[in-house]
Structures are given as C-alpha cells and as structure tokens.
Amino acid sequence: MLTLLITILGLVTVFLSVKVALKFRNYTSNLIGDSKGLTKALSLQLWGEAIIGLGTLVFAILAHLNMLSGISDDTQSLIRLLMFFATSTTTLHLSRIVSKIHG
C-alpha cells in the first residue's frame, strides 16, 4: 500500500513539475528583460525537479519490484549522477539569474 501511495504522489509531483515548467516557458514569450530571464530559469529549475522526481520514482518502483539487483551498480550510479547533475545545474542557473537581477 505504501508503494502505491509513493507511486501516485511521485507521478503527481513529476506531472506538476512538467506542467508548471511548460507554463513558465510559455510565459516567457510575453516578457522582456529580467522577468523573462527569471521565468526561463524557473522553467529550467522545474525541469530539473521533474528529472530528479522521475528518477526517484523509478528507483522506488524498481526497489519494490526487487529489480534493482538486475541493474549494475555503475548504471545506478550513473543515473543518480545524471539526476543530481540536472537539478544542481538548474539550481545554479537560477541562483546566477537571481544574483544578476539583484546586483
């Protein structure tokens, strides 16, 4: 039952991240200057969040199904590295944009 709740919440979280990322991306066409840059950075941040959320969800499901042992440690580590790379680079990008705006 707990895995079902994790799966549902994970799917909803990833869906919301993607949905809001797309909304922010669409808003950029109507903006200029700092607002446009910040909105783009927020969209990228949400894509990073969606990637790490999806990866976490996949690992939770594979663990529940006892399928992680079929994936090499190197492959699992590479997937985790990509997840953290996505979220850390989008966070750094957002941080740079905010710093630029505030001088």
Side-chain angles (χ1 to χ4, degrees):
M1 181 63 166
L2 186 57
T3 301
L4 176 61
L5 292 174
I6 290 168
T7 302
I8 291 169
L9 185 57
L11 288 171
V12 168
T13 301
V14 171
F15 173 78
L16 287 173
S17 294
V18 170
K19 182 178 178 180
V20 177
L22 291 171
K23 278 188 177 184
F24 273 111
R25 188 191 66 180
N26 290 335
Y27 294 154
T28 61
S29 62
N30 300 324
L31 300 172
I32 57 171
D34 291 341
S35 296
K36 186 171 190 160
L38 182 58
T39 303
K40 281 183 177 181
L42 288 169
S43 178
L44 284 174
Q45 176 69 33
L46 288 162
W47 281 109
E49 182 180 300
I51 289 168
I52 202 165
L54 181 61
T56 302
L57 177 61
V58 167
F59 275 105
I61 292 170
L62 291 175
H64 178 73
L65 298 174
N66 293 319
M67 294 176 65
L68 280 179
S69 61
I71 302 171
S72 73
D73 290 343
D74 287 343
T75 300
Q76 289 184 41
S77 293
L78 179 61
I79 293 168
R80 288 183 180 101
L81 176 68
L82 293 172
M83 290 165 46
F84 285 119
F85 179 79
T87 194
S88 64
T89 56
T90 58
T91 299
L92 287 171
H93 180 260
L94 178 60
S95 177
R96 281 194 305 269
I97 295 297
V98 170
S99 294
K100 179 181 159 189
I101 290 170
H102 290 301

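Below, each value reflects all heavy atoms present in this structure, side chains not excepted, and no hydrogens, waters or symmetry copies.
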Side-chain donor-acceptor distances from residues 81-92 under 3.5 Å, at least two apart:
| unit_1 | atom_1 | unit_2 | atom_2 | d |
| --- | --- | --- | --- | --- |
| Ser88 | OG | Phe84 | O | 2.8 |
| Ser88 | OG | Phe85 | O | 3.3 |
| Thr89 | OG1 | Phe85 | O | 2.8 |
| Thr89 | OG1 | Ala86 | O | 3.3 |
| Thr90 | OG1 | Ala86 | O | 3.0 |
| Thr90 | OG1 | Thr87 | O | 3.1 |
| Thr91 | OG1 | Gln45 | OE1 | 3.3 |
| Thr91 | OG1 | Gln45 | NE2 | 3.3 |
| Thr91 | OG1 | Thr87 | O | 2.8 |

Side-chain heavy atoms nearer than 4.5 Å, only ILVMFWY residues, links allowed to pass through others: does that put [X] and [Y] together?
{"X": "Ile79", "Y": "Ile52", "answer": "yes"}
{"X": "Ile51", "Y": "Val18", "answer": "no"}
{"X": "Leu54", "Y": "Ile71", "answer": "yes"}
{"X": "Leu46", "Y": "Leu38", "answer": "yes"}

Enumerate the side-chain hydrogen bond (donor to acceptor under 3.5 Å, both in side chains) contacts for residues 21-44, please, sequence neighbours excluded, ordered by first and then second residue. none

Expected list for residues 93-103: side-chain donor-acceptor pairs under 3.5 angstrom, two or more places apart:
| unit_1 | atom_1 | unit_2 | atom_2 | d |
| --- | --- | --- | --- | --- |
| Ser99 | OG | Ser95 | O | 3.0 |

Residues forming a side-chain contact (heavy atoms from CB on, under 4.5 Å) with Ser69, sequence neighbours excluded: none

How is the hydrophobic cluster of Ile32 composed, in terms of its other members, when Ile, Leu, Val, Met, Phe, Trp and Tyr link through side-chain heavy atoms under 4.5 Å apart, directly or indirectly? none

Please report the closest heavy-atom contact between Gly53 and Val14, naming both atoms and the distance. C-CG2, 3.6 Å

Nearest atoms (heavy-atom pairs only) where Leu68 meets Ala63: CD1-CB, 3.7 Å

Look up atom CD in Gln76 and atom CZ in Phe59, then write down how far apart they are to the nearest 0.5 Å. 5.0 Å

Contacts of Ser72 that satisfy side-chain hydrogen bond (donor to acceptor under 3.5 Å, both in side chains) - sequence neighbours left out: Thr75

Using residues 2-13 as the side-chain source, report each donor-acceptor pair under 3.5 Å to any protein atom, sequence neighbours left out, with the distance given to one decimal.
| unit_1 | atom_1 | unit_2 | atom_2 | d |
| --- | --- | --- | --- | --- |
| Thr3 | OG1 | His64 | ND1 | 2.9 |
| Thr7 | OG1 | Thr3 | O | 2.8 |
| Thr13 | OG1 | Leu9 | O | 2.7 |

